[in-house]
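I have placed the structure first, in the form of structure tokens, so that the comments after it can refer back to it.
All of these numbers come straight from a predicted model, not from anything done at the bench.
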Amino acid sequence: MTTTLTLFLLVSLLLISIGLAGLVTRRTLVGMLISVELMLNGAGLAIVAAAKCTPASEVHGQLAALFVMGLAAAEATLVLAMILVVQRRFGKVTLDEVSIIRSSPAKGPH
Amino acid sequence: MDQAIEKVLAIIWSPFNALEALIAEYLPGQEVAALIAYGVYVLIILAGGFMAIGSRNLVRAMLGLVLTFLGVAGLYMLLASPFLAFMQVLIYVGAVCVLIFFAIMLTRNTNEGEESKLPGIGSAIYGLFAFVLPLLVLGPLIVLNVPKLATVQYEETQTKLLGQGLMTDDVFSFELISIILLVAMAGAVFLAWRRRPSDSEASR
């Protein structure tokens, strides 16, 4: 016996696992950003479905999903700036190249 | 004048009304139509999701992401939350995807970038684990436990109530998210600021 909530939660679970797989397999920061957005979308869908299909307050659930969207926008902005900095400093945005945390790389492009 | 507009609108809407009547005639009850819409949206989401994580071209991956966002917006409509569906299209498709497109273009990572190579075998195995493990762990949990507490209510959520909630109960989180957005914006500007060499020499 399945209910509506189960169906929606399964979709959000699928979104989250797809995003996780992308996060693991992608090589560049931009691809990982795309995967993270997928996962955040799944989280929002789960929140809204759970608030709508249970006796919980639906207004609170939808507002929480709105906050998730706002956080996703803020996160995308910051990640874009970080990608710019990494690109400027290393010339690449692949994760294998970008593994130095030291403040000034020994022979950086600068 | 208004009557003319109404007539035009009626003509535009008539195929949709006919389709609705057809569905109502052949499918008893709304449930089946809702299930079909759900299936279509899930197909869109899955296709977009796999395109987003599997495409070797990052612009195509972003297009898959747009597809997924639109499918999720459709699911919000099915959940009788139209405001969230519009916000989904506005914020995700309108803002986040443009940002991602900027990121792709600014790193010149389109066709012959690093993503054009297939992932290594180890990375592919990790990816498979990352895909299967949440499904195996959380999927049975959802299927077994959820029906006990779920009751369906299918009234449309009033946008007015959402606005009232933002101004009364959730006003603190509303302020918090505005501060977070402001800080993120300022941080992004600060990070991406390119100091000219002449400026830094002048300040020393």
Taking every heavy atom of B/A61 against every heavy atom of A/R26, the minimum-distance pair comes out as CB-NH2, 3.6 Å

Before you tell me yes or no, could you show the steps for A/L63 and B/L166 under side chain to side chain contact (heavy atoms under 4.5 Å, CB included), namely the whole-Å CA-CA distance, both residues' side-chain angles and the distance that decides it to 0.1 Å? CA-CA 7 Å; A/L63 289 181; B/L166 271 183; 3.7 Å; yes

Looking only at B/L176, B/L65, B/T68, the option with the highest number of non-hydrogen pairs under 4.5 Å against chain A is B/L65

Rounded to the nearest 0.5 Å, the CG atom of B/L75 sits from the CG atom of A/L45 at a distance of 5.5 Å

Between B/G165 and A/V59, the two heavy atoms sitting closest are CA-CG1, 4.4 Å

If one checks every heavy atom of B/Q88 against chain A at 4.5 Å, the contacting part turns out to be both

**Item:** Test item: side-chain donor near acceptor, B/S81 and A/Q62, under 3.5 Å
**Value:** yes

Highest number of heavy-atom pairs under 4.5 Å with chain B among A/N41, A/L40, A/I16 belongs to A/N41

Does any part of the side chain of B/V132, heavy atoms only, come nearer than 4.5 Å to the side chain of A/S17, both counted from C-beta? no

Taken to the nearest 0.5 Å, the spacing of B/L99 CG from A/E75 CD works out to 10.0 Å

Looking only at A/S57, A/A50, A/G44, most heavy-atom pairs under 4.5 Å shared with chain B are made by A/G44

Turns out that what part of B/I91 lies under 4.5 Å from chain A's heavy atoms comes down to side chain

Scored by heavy-atom pairs under 4.5 Å with chain A, the best of B/D170, B/V72, B/V42, B/D169 is B/D170

Within a strict 4.5 Å, meaning less than it, do heavy atoms of the A/L14 and B/I45 side chains meet?
-> no

* If only atom types and distance count, is the side chain of B/Y76 paired as donor or acceptor with the main-chain N or O of A/V48 below 3.5 Å? -> no

Report yes if some heavy atom in the side chain of B/V96 is under 4.5 Å from a heavy atom in the side chain of A/M69; otherwise report no.
-> no

Measuring centre to centre across the rings, with the benzene-like ring taken for any Trp, is A/F8 within less than 6.0 Å of B/Y38? yes

Looking at side-chain heavy atoms only, is the closest gap between B/L46 and A/I18 below 4.5 Å? yes

B/W193 and A/R88 have their tightest heavy-atom pair at O-NH1, 3.8 Å

query: When you look at A/T77 and B/M185, which way does the side chain to side chain contact (heavy atoms under 4.5 Å, CB included) test go after all the steps?
result: CA-CA 7 Å; A/T77 321; B/M185 197 177 68; 5.5 Å; no

Cut-off 4.5 Å, heavy atoms of chain B, and the answer for A/L15 is side chain

- Message: With a 4.5 Å cut-off on side-chain heavy atoms, are A/T25 and B/Y126 touching?
- Response: no

Close side-chain approach of A/L84 and B/L191, heavy atoms under 4.5 Å: no

Turns out that what part of B/A95 lies under 4.5 Å from chain A's heavy atoms comes down to neither

Note: B/A130 and A/L20 closest approach over all heavy atoms is O-CD2, 3.6 Å

When the 4.5 angstrom heavy-atom criterion is applied to B/I177 and chain A, the contacting part is side chain

Okay, B/F129 and chain A: the region with an atom under 4.5 Å from a heavy atom over there is neither

Of B/S173, B/G187, B/A124, the largest count of non-hydrogen pairs under 4.5 angstrom with chain A goes to B/S173

Note: A/V68 and B/Y92 closest approach over all heavy atoms is O-OH, 4.4 Å

Heaviest contributor of heavy-atom pairs below 4.5 Å to chain B, chosen from A/L66, A/V86, A/V79, A/I83, is A/L66

Does B/I53 reach the side chain of A/I34, with side-chain heavy atoms less than 4.5 Å apart?
no

Heavy-atom side-chain proximity of A/Q87 to B/L106 below 4.5 angstrom: no

Tightest non-hydrogen contact, residues A/C53 and B/L79, listed as SG-CD2, 4.1 Å

